[in-house]
Amino acid sequence: MTIRTRFAPSPTGNVHIGNIRAAIYNWLFSRHGGGEFLLRIEDTDLERSTPAAVKTVLDSLAWLGLTYDGEPLYQSTQKARHLEVAEMLLSKGAAYKEDKGGTGKGECIIFKMPGKDISFHDEVKGDLSKKAEDLKDFVIVRSDGSPVFHLGNVVDDITMGITHVIRGDDHVENTFKHMAMYEAIGAPAPKFAHLPMIVNAQGKPYSKRDGAAYVGEFQEKGFLPEALFNSLALLGWSPGDDREVMTREEMVAAFTLDRVRSAPSQLDMTKLLWMNGEHLKRHGPDEIVAGCRAAMQRQGRWRDGIDPAYFRAVVACMGERVRLYGDVGEQAAFFFDDEFPYDEKSVKKRLLKEGAIGILREELAALEAVEPFTAAATDAALHALGERTGRQMGDLVHPVRVAVSGTGVGPGLFDMLATMGKERVVRRIRRTLSIYGG
RNA sequence: GACCCCAUCGUCUAGAGGUCUAGGACACCAGGUUUUCAUCCUGGUAACACGGGUUCGAUUCCCGUUGGGGUCGCCA
């Protein structure tokens with residue numbers, strides 16, 4: 001039997017990382033086994049399941065490269081089938097009608113638990129069982145005639161021929177109900193695997209207030225999809241050796257359900273950032289430039305006047321300091337704006353220091369004479385100035401750095417100067433001198 | 001509360017009775033490289049929740065305790 005898994009989100013406008021991790025595991029598992037990965041949109045809540053919400057799901061899957069087979073099945077189209085099964089259950093005596101709780105809203109259809117203990121083998125948690133007295137009958141069709149989650153979920157999985165249901169831990173209790181339904185319907189039950197939750201530092205389910213919790217947020221921040229994919233895959237699963245930074249293909253090859261842990265785990269942003277940097281190293285300059293530009297546009301920092309060649313040079317100059325696409329916009333904004341702000345501490349430490357302004361004037365003169373304005377040439381010019389005046393390089397480098405960037409941290413000074421070009425450097429040093437030169 | 005599940009460094013994990021003086025990664029600390037920061041290199045700190053068993057021998061198996069989580073809807 002070929003493996004067939006599915007991802008069955010209910011579109012709410014956001015795709016939670018716990019949810020997408022389930023999708024990743026389903027995808028990895030089916031691809032590893034040469035099977036299929038299907039998509040079902042559980043859009044029965046018409047209020048929330050707007051086209052935009054559905055698009056969010058589709059976009060998140062596409063961004064992460066979670067390709068699905070065939071067309072997505074929209075659960076709302078299956079209502080007749082669900083009700084048909086409910087009627088069948090009714091006629092079999094496996095379900096009954098009742099005005100539950102005497103609401104007066106009319107009768108709903110309730111599934112009757114078989115009155116026996118139910119157990120199943122979970123592919124990650126092992127054998128699970130529940131006593132008959134702990135299992136209660138439950139509604140499968142509301143009094144308004146609409147099918148409830150349990151009914152739709154089970155019927156659709158049967159319709160789609162799902163062989164493995166890999167889902168969140170919060171569904172284990174449901175699985176006992178679902179097992180009973182498969183039996184009553186007379187369909188073979190799929191295998192189940194329940195994934196531990198992603199929790200926060202307090203051990204509670206990871207939510208928006210713990211940081212980015214939705215796929216879209218990671219995308220906006222400029223994370224690489226393969227880095228998020230890799231990190232999420234490693235949250236609860238490991239290949240068994242010491243590999244961590246892996247490609248999609250490597251993960252597909254190594255993925256098995258028996259290597260999935262059953263204990264909840266925390267998402268460590270710092271490690272995610274590191275992971276992102278590792279994956280970034282595998283990208284070519286063109287991709288990185290494009291990614292950084294897109295991030296700057298999202299940040300609202302991009303301006304049409306920015307010269308593409310200059311932008312490219314800046315990204316190259318930032319080099320491995322870029323761990324996130326958004327870093328260029330946040331840490332290298334001064335490259336693009338001559339009116340950059342000055343960091344007070346750096347100014348105090350480097351420019352307002354005894355003699356610093358005088359040094360800066362000498363440096364300006366020296367730099368103006370450099371031609372061509374390369375990193376090596378500016379380096380040589382300042383070295384020469386240092387030797388001539390008996391000053392340490394540190395005393396020469398820092399004032400210039402602050403004068404052209406406003407901050408004390410950044411790429412190597414000479415690379416930075418060469419990237420900016422003589423004209424810009426001179427202009428900036430003059431501006432600084434006019435502000436702090438007295 | 002009832003039922004179910006979980007428990008190795010701060011975090012993610014390896015470990016499926018002796019190979020464990022418990023390995024790796026991130027983070028952290030120290031040193032080196034460097035004009036700053038980052039990178040990079042070297043080294044270091046740091047864990048089997050507790051108590052009983054089983055066994056010649058338990059991180060590994062069993063039971064209990066403690067702690068944590070999940071579920072108890074005409075939500076999904």
Side-chain angles (χ1 to χ4, degrees), chain A residues 8-12 19 42-45 48-49 75 98-101 103 105-110 122 124-126 128-131 133-136 138-150 152-153 167-177 194 196-197 199 201-205 231 234-245 258-259 261-275 277-278 281 318-323 327 331 346 349-350 379 382-383 386 392-402 405 407-414 416:
Chain A
S10 62
T12 60
N19 234 266
E42 304 212 334
D43 59 345
T44 51
D45 181 347
R48 304 171 81 182
S49 302
Q75 189 162 57
E98 185 185 294
D99 178 8
K100 196 184 175 197
T103 59
K105 282 190 288 188
E107 293 186 316
C108 54
I109 301 177
I110 298 173
D122 189 288
V124 347
K125 303 175 91 71
L128 263 26
S129 64
K130 198 102 174 170
K131 296 209 172 54
E133 59 264 37
D134 294 322
L135 267 3
K136 295 191 300 185
F138 56 96
V139 175
I140 54 175
V141 178
R142 299 186 188 87
S143 53
D144 67 2
S146 62
V148 167
F149 162 75
H150 302 292
N153 198 266
R167 56 180 15 167
D169 230 354
D170 47 334
H171 281 296
V172 293
E173 303 291 326
N174 290 335
T175 306
F176 295 102
K177 295 176 178 176
H194 290 94
M197 319 221 81
V199 299
Q202 286 71 246
K204 306 285 185 196
S231 292
L234 251 27
L235 223 49
W237 172 81
S238 74
D241 45 39
D242 289 333
R243 283 182 296 167
E244 294 207 285
V245 181
D258 62 343
R259 292 207 56 83
R261 275 172 60 88
S262 52
S265 46
Q266 296 182 29
L267 177 66
D268 182 356
M269 270 308 173
T270 312
K271 189 158 185 177
L272 212 202
L273 228 36
W274 165 79
M275 179 69 82
E278 293 300 304
K281 287 178 186 169
M318 287 293 285
E320 290 191 0
R321 284 170 186 75
V322 178
R323 300 177 91 189
D327 287 349
Q331 293 166 24
S346 301
K349 190 173 175 193
R350 307 299 189 189
D379 190 346
L382 289 203
H383 261 96
Q392 299 291 313
M393 272 310 270
D395 292 332
L396 299 179
V397 161
H398 298 301
V400 177
R401 172 184 294 288
V402 177
S405 73
T407 173
V409 299
L413 179 66
F414 303 113
M416 204 159 87

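Please read all numbers here as calculations on a predicted model, not as lab measurements. Protein chains get the first letters and strands the later ones, always in sequence-line order, with residue 1 at the start of each.
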- Item | Donor-acceptor under 3.5 Å (A:Arg261 side chain, A:Leu235 main chain) | no
- Message: Could you work out, with side chain to side chain donor-acceptor pair (under 3.5 Å) as the rule, every residue matching A:Arg167, not counting sequence neighbours?
- Response: A:Asn153, A:Thr175, A:His178
- Message: B:U13, OP1 or OP2 - any side-chain N/O from A:Ser265 closer than 4.0 Å?
- Response: yes
- Task: Find the partner of B:U65: check Watson-Crick (N1-N3 plus N6-O4 or O6-N4) and G-U wobble (N1-O2, O6-N3) distances, both under 3.5 Å, and reply none if neither fits.
- Result: B:A49
- Donor-acceptor under 3.5 Å (A:Ser146 side chain, A:Arg142 main chain): no
- So does A:Arg259 get a side-chain nitrogen or oxygen closer than 4.0 Å to the phosphate oxygens (OP1/OP2) of B:A14? yes
- Query: With sequence neighbours excluded, what pairs up with A:Lys271 under the side chain to side chain contact (heavy atoms under 4.5 Å, CB included) test?
  - Reply: A:Glu244, A:Asp268, A:Trp274
- Pick the P atom in B:U60 and in B:C3, then give their distance to the nearest Å. 26 Å
- Task: Could you give the distance separating B:A22 and B:A14 at their C1' atoms, to the nearest angstrom?
- Result: 10 Å
- Query: Who pairs with A:Ser238 by side chain to side chain contact (heavy atoms under 4.5 Å, CB included), at least two apart in sequence or on another chain?
  - Reply: A:Arg259
- Query: Just checking A:Leu382: base, sugar-phosphate only, or nothing, at a heavy-atom cut-off of under 4.0 Å?
  - Reply: nothing
- Item | Protein-nucleotide distance (A:Gln266, atom CD; B:G10, atom C1'), rounded to Å | 9 Å
- Item | A:Asp241/A:Arg243 salt bridge by N-O under 4.0 Å criterion | yes
- Using the test side chain to side chain contact (heavy atoms under 4.5 Å, CB included), find all partners of A:Lys131 that sit at least two apart in sequence or belong to another chain. A:Asp117, A:Glu133, A:Asp134
- Task: Only counting residues at least two apart or in another chain, list the ones meeting ring-ring contact (aromatic ring centres under 6.0 Å, His included) with A:Phe414.
- Result: none
- Task: Could you work out the separation of B:U13 and B:U59 based on their C1' atoms and round it to a whole Å?
- Result: 14 Å
Distances for protein N or O near nucleotides 61-63 of chain B N or O, under 3.5 Å:
none

- Query: How would you label the contact of A:Arg167 with the nucleic acid (heavy atoms, under 4.0 Å): base, sugar-phosphate, or nothing?
  - Reply: nothing
- Pairing partner (Watson-Crick or G-U wobble, both distances under 3.5 angstrom) of B:U60: none
- Message: From CD of A:Glu133 over to C1' of B:A2, roughly how many Å is that when rounded to an integer?
- Response: 11 Å
- For B:C74, give its Watson-Crick or G-U wobble partner with both distances under 3.5 Å, or none. none
- Message: Can you list everything that forms a side chain to side chain donor-acceptor pair (under 3.5 Å) with A:Gln331? Sequence neighbours excluded, please.
- Response: none
- P atoms of B:U65 and B:C26, separation to the nearest Å: 40 Å
- What residues, two or more places apart in sequence or in another chain, satisfy side chain to side chain contact (heavy atoms under 4.5 Å, CB included) together with A:Pro205? none
- Partners of A:Asp327 by side chain to side chain donor-acceptor pair (under 3.5 Å), sequence neighbours excluded? none
- Summarise how protein sits on nucleotides 27-49 of chain B as a single string, 5' to 3': B when a protein heavy atom is under 4.0 Å from the base, S for sugar-phosphate-only contact, - for no contact. S-------BBBBSS---------
- Message: Using whole Å, what does the distance between atom P of nucleotide B:G1 and atom CG of A:Asp134 come to?
- Response: 16 Å
- Task: Quickly work out the A:Trp237 CH2 to B:A14 C1' distance and round it to whole Å.
- Result: 13 Å
- With rounding to whole Å, what would you report as the distance between B:G23 and B:U36 at their C1' atoms? 37 Å
- Message: Ignoring hydrogens and geometry beyond distance, is a side-chain donor-acceptor pair present between A:Arg350 and A:Ser346 at under 3.5 Å?
- Response: no
- State which residues pass side chain to side chain donor-acceptor pair (under 3.5 Å) with A:Asp99; sequence neighbours excluded, sorted by chain then number. A:Thr103
- Query: Could you give the CZ-to-C1' distance, from A:Arg243 to B:G24, as a whole number of Å?
  - Reply: 13 Å
- A:Asp242 CG - B:C26 C1' separation (whole Å): 14 Å
- Indicate for each nucleotide in nucleotides 66-76 of chain B, in 5' to 3' sequence, whether protein heavy atoms under 4.0 Å reach the base (B), only the sugar-phosphate (S), or nothing (-). ---SBSS-BSB
- Message: Which nucleotide, if any, forms a Watson-Crick or G-U wobble pair with B:C26, using both distances under 3.5 Å?
- Response: B:G10
